[in-house]
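Start at 1 with the first residue, then count along the sequence. Just so we're clear, the structure is a prediction, and the values are computed from it rather than from any experiment. For ligands, and for the atoms within them, numbers begin at 1 and follow the listed sequence.
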Amino acid sequence: MKLNIALLAGDGIGPEVTEQALRVSNAIATKFNHTINWTRAITGADAIDKVGDPYPDETHEICMNSDAILFGAIGHPKFDNDPSAKIRPEQGLLKMRKKLGLFANIRPTFTFPSLIEKSPLKKERINGTDLIFLRELTSGIYFGERGRKDNGNTAFDTCTYKRVEIIRLAKKGFELAMKRSKKLCCVDKANVLESSRLWRETVKSMEIDYPEVEVSYEFVDAVAMRLVQWPNSYDVLITENLFGDILTDEASVISGSMGLMPSASVGTETSLFEPIHGSYPQAAGKNIANPLATILSAAMMFEDAFLLKQEANLIREVVNNSLEKSIVTEDLSESGKSYSTSEVGDWLVDNIKKTCIK
Ligand code: IPM
Ligand code: MN
């Protein structure tokens with residue numbers, strides 16, 4: 001198969017971690033007789049510096065003409081400390097999500113048996129955790145009307161949802177639940193917010209189409225609590241943009257390291273795959289960042305964008321092997337011995353080459 005992939009490395013550790021994901025993907029492609037045609041494009045602070053736009057039209061063209069997008073991270077501290085900056089790297093991310101119609105952000109949280117001790121939670125609580133958040137990504141308070149009034153002394157951000165936006169996200173949630181344990185949790189704040197009441201009403205009206213799926217409706221504050229108490233009681237969760245942003249960061253630490261969790265964003269155009277960690281500027285250029293979240297995002301890409309499950313599973317298998325053998329970057333090292341970003345990549349590539357495929 002011929003795979004056309006756009007590579008958006010972005011800022012901070014983005015270039016280093018995507019490079020290892022590229023090498024691992026190429027090794028997989030060679031093993032299974034695929035050819036990958038990578039097209040690099042700029043985003044984030046890197047693109048602001050180069051062309052003054054964090055998501056330039058040329059990058060959008062490349063994304064639109066690709067079968068999948070592998071993305072690193074964006075963000076740079078020079079913008080964080082300047083609230084008056086007119087152009088910010090994060091705007092590139094939001095523009096990209098909107099222009100590519102990436103309305104569903106899929107963020108799994110699972111545990112690795114070899115890392116169970118790394119979790120800040122007790123192992124008996126997290127054993128067997130395997131849940132997936134579907135976060136709405138192109139609407140809500142992120143994209144609602146905002147501004148200042150009262151001579152700048154009052155500020156507002158509005159959370160608006162249309163029924164169609166809820167339906168298309170919830171449909172993905174129901175479909176995913178059907179493929180898994182048939183349990184779906186709709187996370188909202190329907191005791192207070194009108195937009196949440198529309199979410200609840202809409203999801204309820206869809207239950208009839210999926211009679212096998214058992215749907216629960218829970219308030220976001222209660223979910224925030226239960227997520228750390230009994231994470232393994234959840235399976236598929238759907239929620240709006242801001243609640244999803246917050247809860248998926250919370251969920252990401254259950255596994256023991258944010259450096260491990262992949263994600264996919266899907267919608268009307270090309271799908272995008274990215275690690276959920278950020279640009280981690282303190283580690284940039286040091287060859288110490290954990291590349292596994294990006295490599296596992298590449299696995300999601302093989303499975304979801306190209307329906308190449310065996311390829312995806314081989315990536316997951318070698319990642320598991322590397323964890324079991326402690327071939328890990330310093331964030332995961334227990335023994336004091338750690339490997340660099342590229343050494344972890346070397347090991348994985350080598351292991352892919354050596355593995356016999358059944
Ligand atoms: C994320 C990030 C972004 C978001 C930021 C960088 C705009 O936190 O992908 O979760 O809030 O969506
Ligand atoms: Mn976030």
Side-chain angles (χ1 to χ4, degrees), residues 8-14 17-18 42-48 53-55 59 63 69-83 85-109 131-144 146 157-161 165 169 187 220 223-224 227 237-255 257-267 270-284 289 293-294 296-297 300-301:
L8 274 52
D11 304 322
I13 58 170
V17 292
T18 49
I42 54 171
T43 44
D46 178 39
I48 298 179
D53 181 347
Y55 185 61
T59 298
C63 290
I69 305 161
L70 189 64
F71 180 78
I74 62 174
H76 194 284
K78 73 179 173 198
F79 297 93
D80 295 346
N81 302 328
D82 178 7
K86 289 258 173 318
I87 307 176
R88 307 175 153 274
E90 290 78 8
Q91 288 164 348
L93 196 58
L94 301 182
K95 194 169 152 195
M96 177 165 76
R97 289 172 181 169
K98 198 73 178 175
K99 286 185 80 169
L100 289 170
L102 301 170
F103 63 82
N105 183 213
I106 305 165
R107 294 188 172 185
T109 286
L131 58 87
I132 299 191
F133 269 97
L134 264 131
R135 163 189 175 193
E136 199 292 324
L137 204 58
T138 52
S139 189
I141 202 164
Y142 273 64
F143 293 93
R146 69 177 50 131
D157 297 274
T158 34
C159 178
T160 307
Y161 267 105
E165 293 170 330
L169 191 274
V187 185
V220 60
V223 174
L227 206 51
L237 301 100
I238 53 173
T239 193
E240 63 92 54
N241 206 341
L242 183 61
F243 297 160
D245 178 47
I246 299 166
L247 291 178
T248 55
D249 262 28
E250 185 189 351
S252 75
V253 297
I254 295 172
S255 72
S257 168
M258 210 185 189
L260 291 170
M261 290 298 127
S263 79
S265 299
V266 303
T270 320
S271 300
L272 178 138
F273 300 84
E274 64 172 314
I276 83 151
H277 59 67
S279 58
Y280 191 19
Q282 305 86 322
T294 317
L296 291 169
S297 302
M300 279 183 97
M301 174 178 77

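Ranking the protein heavy atoms by distance from atom 4 (C) of ligand 1 puts Tyr142 OH, 3.4 Å first. Of the protein's non-hydrogen atoms, the one nearest atom 5 (C) of ligand 1 is Leu93 CD2, 4.2 Å.
Across Gln91, Arg107, Arg97, heavy-atom proximity to atom 12 (O) of ligand 1 is greatest for Arg97.
Within ligand 1, the atoms closer than 4.0 Å to a non-hydrogen atom of Arg135 are 1 (C), 4 (C), 10 (O), 11 (O), 12 (O), numbered from 1 in the order shown. Set against the non-hydrogen atoms of Asp245, the atoms of ligand 1 under 4.0 Å away are 1 (C), 4 (C), 8 (O), 10 (O), 11 (O).
Remark: side-chain polar atoms of Glu90 are not paired, donor with acceptor, to backbone N or O of Gly92 under 3.5 angstrom.
Neither the backbone nor the side chain of Glu274 comes within 4.0 Å of ligand 1, counting heavy atoms alone. Neither the backbone nor the side chain of Arg88 has a heavy atom within less than 4.0 Å of ligand 1.
Applying side chain to side chain contact (heavy atoms under 4.5 Å, CB included) to Leu8 and the options Thr18, Thr59, Ile42 leaves one that passes, Thr59.
Of all N, O or S atoms in Asp245, the one lying closest to the Mn ion (ligand 2) is OD1.
Scanning both residues, Val253 and Glu250, for their nearest heavy atoms gives CG2-O, 3.2 Å.
Annotation: cation-pi geometry not satisfied between Lys99 and Tyr55 (NZ/CZ under 6.0 angstrom from ring centroid, within 45° of ring axis).
Counting heavy atoms from C-beta outward, Thr43 and Phe71 have side chains that approach closer than 4.5 Å. For the pair Arg135 and Asn241, the minimum side-chain heavy-atom distance is below 4.5 Å. At least one side-chain heavy atom of Pro89 sits less than 4.5 Å from a side-chain heavy atom of Asp11.
The shortest N or O to N or O distance between Glu90 and ligand 1 is not under 3.5 Å.
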